[in-house]
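Read through the structure below, which is laid out as structure tokens, and then see the notes.
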Amino acid sequence: MAPPKINEYERKRLENIRRNNEMMAALKVQSKATALSNHSKIVTKSYTVKLEKKPKIETPIVIRRSLRTRGIPPDSKGLDLDATSDSNTSTHNSPNKVENIVQNLGPISMKDVYKGVDGSDRSFIETLVGMSNKEFSEEKLNGSVKKMKTECSLDLESLYLDPENIARVLPGRITQVRFCPSKDVNRIAAGNKFGDIGFWNVGESEFFLYHPHEAPISGILFQQHCLSKIYTSCYDGLIRLMDAEKEIFDMVYNGSDNACIYALSQPKNDANCLYFSEGKGGLAVFDNRTGKCSSHWDLHEARINTIDFNPQSSHIVATSSSDGTACTWDLRCIGGPKQSALRTFAHKRSVQSAYFSPTGCSLATTSLDNTVRIYNGVNLEDETSVYHFNQTGRWLSTFRAIWGWDNSHLFIGNMNRGVDIVSTVQKATVKTLESPHMSAIPCRFEAHPYNVGMLAGATSGGQIYVWTSS
DNA sequence: AGGTCAATTACGTAG
DNA sequence: CTACGTCCATTGACCT
């Protein structure tokens, strides 16, 4: 007998959960059976780091404290570097000493936070620097992108997970995964909850792991015109710029109020501005030329999870927020005293992502209300809602439906170690990518910006699966 | 309205 | 193979 007070939505939700549990149970039995029948043990590539004896009792959470708020002069020179690297390697780091961890608020040398086993990231840095010198023909790139977006005809059936393209790139839960935006190289950068950034050339067995941050990575941004420069944002409230030429993780932005940074983005046509979400519903614009924030708006009632620019009109952005809405904004009119969104897309729970399609004419949102919604039409007024179970729980990064290489399909992980493909035309999940080689749930995805059919999925155990189209 | 608390969940590693 | 520890998210229930 159902309690009388329960509303219809709740009832439906519980029903869904129960149904899902049943399904999961069934599938678990199935997967166990296949695991048993599969005698050959799958060995995948994995990162290796120097075995650092970690103190038995570790600080569960390192709260970021700016030097200023702790009454220490901001530039206490040199010591910071040592203090930070020591805090990572120290074997006698007693819990009471936690307060003594001083976050380095200046540039960090890449060498000092490199966590490779052989101590040599020389070749990697040289590759990065080499790429930065390559001349990019902007016209050519744009041309090919446009062509791809409209003419992409990817055969979903051809998507394949080569065991060679699986690797444990990082330890721990991956929060961000990005492809290097180059046609010639299939390089992945991934960030995890510890503040590590790992690099992997798909298919190879080498990894380059750095520890430039002290909390979950919330953004990784390759510079299109200079591939040796990569911005990183973090819950520790910092934005850094990895510069392979200078061999540092430079300090770019340091919020004064210890606010977490949850998202990082940049318009295609303006490399001087960084847009990031900060604290409870804030969106800020950092200007490289002045080294300061040029704007700061309170757009949402809760944290902003993603910031996405419309590919066609770079003054239009979409935000998704834990306040249960996604919004579109016109940056040209956002400055008024009362912020008003172009449109507000209401969900019943926290919204984890809102992304424009490659042509910019559709918007896809993913919410913890167990829907993926697609908005079409000139004003995005046509809503399509597709059921998708999005309760990842606390150990997994939340699901976010991403666009493939055209406007026709979305890719999103599911709780059964698969990748659901949602057709925006059929308004339904039309296919699920599965493989016995996927031993964990892929949560965060990225489609290669130039290589159609190359899709990276990252897990909460540090693995990355790269599907390709053969 | 806003703070606090408990429950939730999957994965790698140690045994 | 099993048991254990994880712990920066979200939500509802319950309290001021």
Side-chain angles (χ1 to χ4, degrees), chain A residues 3 5-7 9-10 13-14 16-18 20-21 24-25 27-28 31-32 35-36 41-44 46-49 51 54-65 98 103 168-176 191-196 213-219 233-238 255 258-263 277-280 301-306 320-324 347-353 366-370 389-400 413-418 438-444 457-465:
Chain A
K5 269 194 176 169
I6 208 158
N7 67 33
Y9 173 75
E10 186 66 10
R13 191 175 141 265
L14 291 171
N16 284 334
I17 290 169
R18 195 177 54 236
N20 196 276
N21 283 341
M24 294 263 295
L27 289 165
K28 241 175 206 163
S31 74
K32 256 184 192 163
L36 283 171
K41 192 176 180 182
I42 300 158
V43 182
T44 57
S46 174
Y47 73 97
T48 44
V49 289
L51 271 185
K54 282 200 172 169
K56 189 89 185 184
I57 307 157
E58 256 197 301
T59 36
I61 295 163
V62 179
I63 308 242
R64 174 173 173 253
R65 247 165 268 257
V98 167
Q103 192 167 26
R168 197 175 305 281
V169 178
L170 295 164
R173 198 180 92 215
I174 293 176
T175 53
Q176 288 283 318
N192 68 6
K193 64 166 184 174
F194 299 125
D196 299 325
H213 289 280
E214 299 295 334
I217 302 293
S218 55
S233 69
C234 179
Y235 281 27
D236 63 12
L238 307 182
N258 288 3
C260 286
I261 296 174
Y262 294 111
S277 76
E278 190 178 43
K280 196 190 160 207
E301 301 293 316
R303 58 189 269 183
I304 294 171
N305 295 308
T306 58
S320 66
S321 166
S322 293
D323 69 4
H347 286 67
K348 297 194 178 76
R349 294 282 190 283
S350 155
V351 186
Q352 291 301 318
S353 64
T366 306
S367 167
L368 293 187
D369 68 3
N370 289 337
F389 184 77
N390 293 329
Q391 309 305 308
T392 48
R394 152 169 138 150
W395 309 123
L396 303 190
S397 295
T398 50
F399 292 148
R400 295 172 173 179
N414 72 27
M415 290 299 277
N416 190 40
R417 298 175 179 171
M438 283 210 288
S439 59
I441 295 167
C443 305
R444 292 292 161 91
T459 73
S460 72
Q463 280 183 304
I464 297 180
Y465 309 115

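Worth saying up front: this structure is predicted, and the values here are computed from it rather than measured. Throughout, a chain's letter reflects where its sequence line sits, starting with A, and its residues are numbered from 1.
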Q. So which nucleotide from C:dT11, C:dC8, B:dT9 ends up closest to the side chain of A:Arg394?
A. B:dT9

Q) Do A:Cys260 and A:Arg303 have side-chain heavy atoms sitting under 4.5 Å apart? A) no

Q: Ignoring hydrogens and angles, state whether a donor on the side chain of A:Asp236 or A:His213 is under 3.5 Å from an acceptor on the partner side chain.
A: yes

Q | A:Ile441 vs A:Ser460 side-chain heavy atoms within contact, under 4.5 Å | A | no

(Q) Without decimals, in angstroms, what is the distance between A:Lys280 NZ and B:dG2 P? (A) 6 Å

Q: Scan side-chain atoms only and decide if A:Ser353 and A:Thr306 contain a donor-acceptor pair under the 3.5 Å cut-off.
A: no

Q: Give the rounded distance in Å between these two atoms: CZ of A:Phe389 and C1' of C:dT10.
A: 13 Å

Q: Take atom CD1 of A:Ile217 and atom P of C:dC8, then tell me their distance rounded to the nearest Å.
A: 14 Å

Q | Atom-to-atom span, CG of A:Asn258 to C1' of C:dC8 - whole angstrom | A | 13 Å

Q) Is the ring of A:Trp395 stacked on the base of C:dT6, with centres less than 5.5 Å apart and planes under 30° off? A) yes

(Q) For a quick test of reading the model: is some side-chain N or O of A:Gln391 closer than 4.0 Å to OP1 or OP2 of C:dT11? (A) no

**Q.** Side chain of A:Phe194 (C-beta onward), nearest among B:dG12, B:dT9, C:dC7
**A.** C:dC7

Q. Under 4.0 Å: is that the gap between some side-chain N or O of A:Ser322 and OP1 or OP2 of C:dA9?
A. no

**Q.** A:Lys193 or A:Ser350, whichever maps to the more 5' nucleotide of DNA chain C
**A.** A:Lys193

Q.
Please report the interatomic distance CZ(A:Phe389) to CG(A:Asn414), rounded to the nearest 0.5 Å.
A. 10.5 Å

**Q.** Set of side chain to side chain contact (heavy atoms under 4.5 Å, CB included) partners for A:Thr392, sequence neighbours left out
**A.** A:Leu396, A:Thr398, A:Phe399, A:Met415

(Q) Any side-chain N or O of A:Arg303 below 4.0 angstrom from OP1/OP2 of C:dA9? (A) yes

Distances for protein N/O vs nucleotides 13-15 of chain B N/O pairs under 3.5 angstrom?
none

Q. What residues form a side chain to side chain contact (heavy atoms under 4.5 Å, CB included) with A:Ser350, not counting sequence neighbours?
A. A:Asn305, A:Ser322, A:Gln352, A:Leu368

Q) Just checking, any donor-acceptor pair under 3.5 angstrom between side chains of A:Ser397 and A:Arg173? A) yes

Q) A:Tyr235 has a side chain; which of C:dC7, C:dC8, B:dA10 sits nearest to it? A) C:dC8

Q.
Between C:dC8 and B:dT13, how many Å separate the two C1' atoms, rounded to a whole number?
A. 23 Å

Q: Verify the contact: side-chain N or O of A:Gln352 to OP1 or OP2 of C:dA9, cut-off strictly under 4.0 Å; return yes or no.
A: no

Q | Rounded distance in Å - CG (A:Asn390) to P (B:dA10) | A | 14 Å

Q.
Taking the nucleotide of DNA chain B with the nearest heavy atom to each, does A:Thr459 or A:Gly393 sit closer to the 5' end?
A. A:Gly393

**Q.** A:Arg417 vs B:dC11: side-chain N/O to OP1/OP2 distance below 4.0 Å
**A.** yes

Q: Could you check how far CZ of A:Arg400 sits from P of C:dA9, rounded to whole Å?
A: 11 Å

Q | Rounded interatomic separation in angstrom, taking CZ from A:Arg173 and P from B:dT9 | A | 16 Å

Q) Side chain of A:Arg349: nearest nucleotide among B:dC11, C:dG12, C:dC7? A) C:dG12

Q: Starting from P on C:dC8, measure out to CD on A:Glu278 and report it in whole angstrom.
A: 20 Å

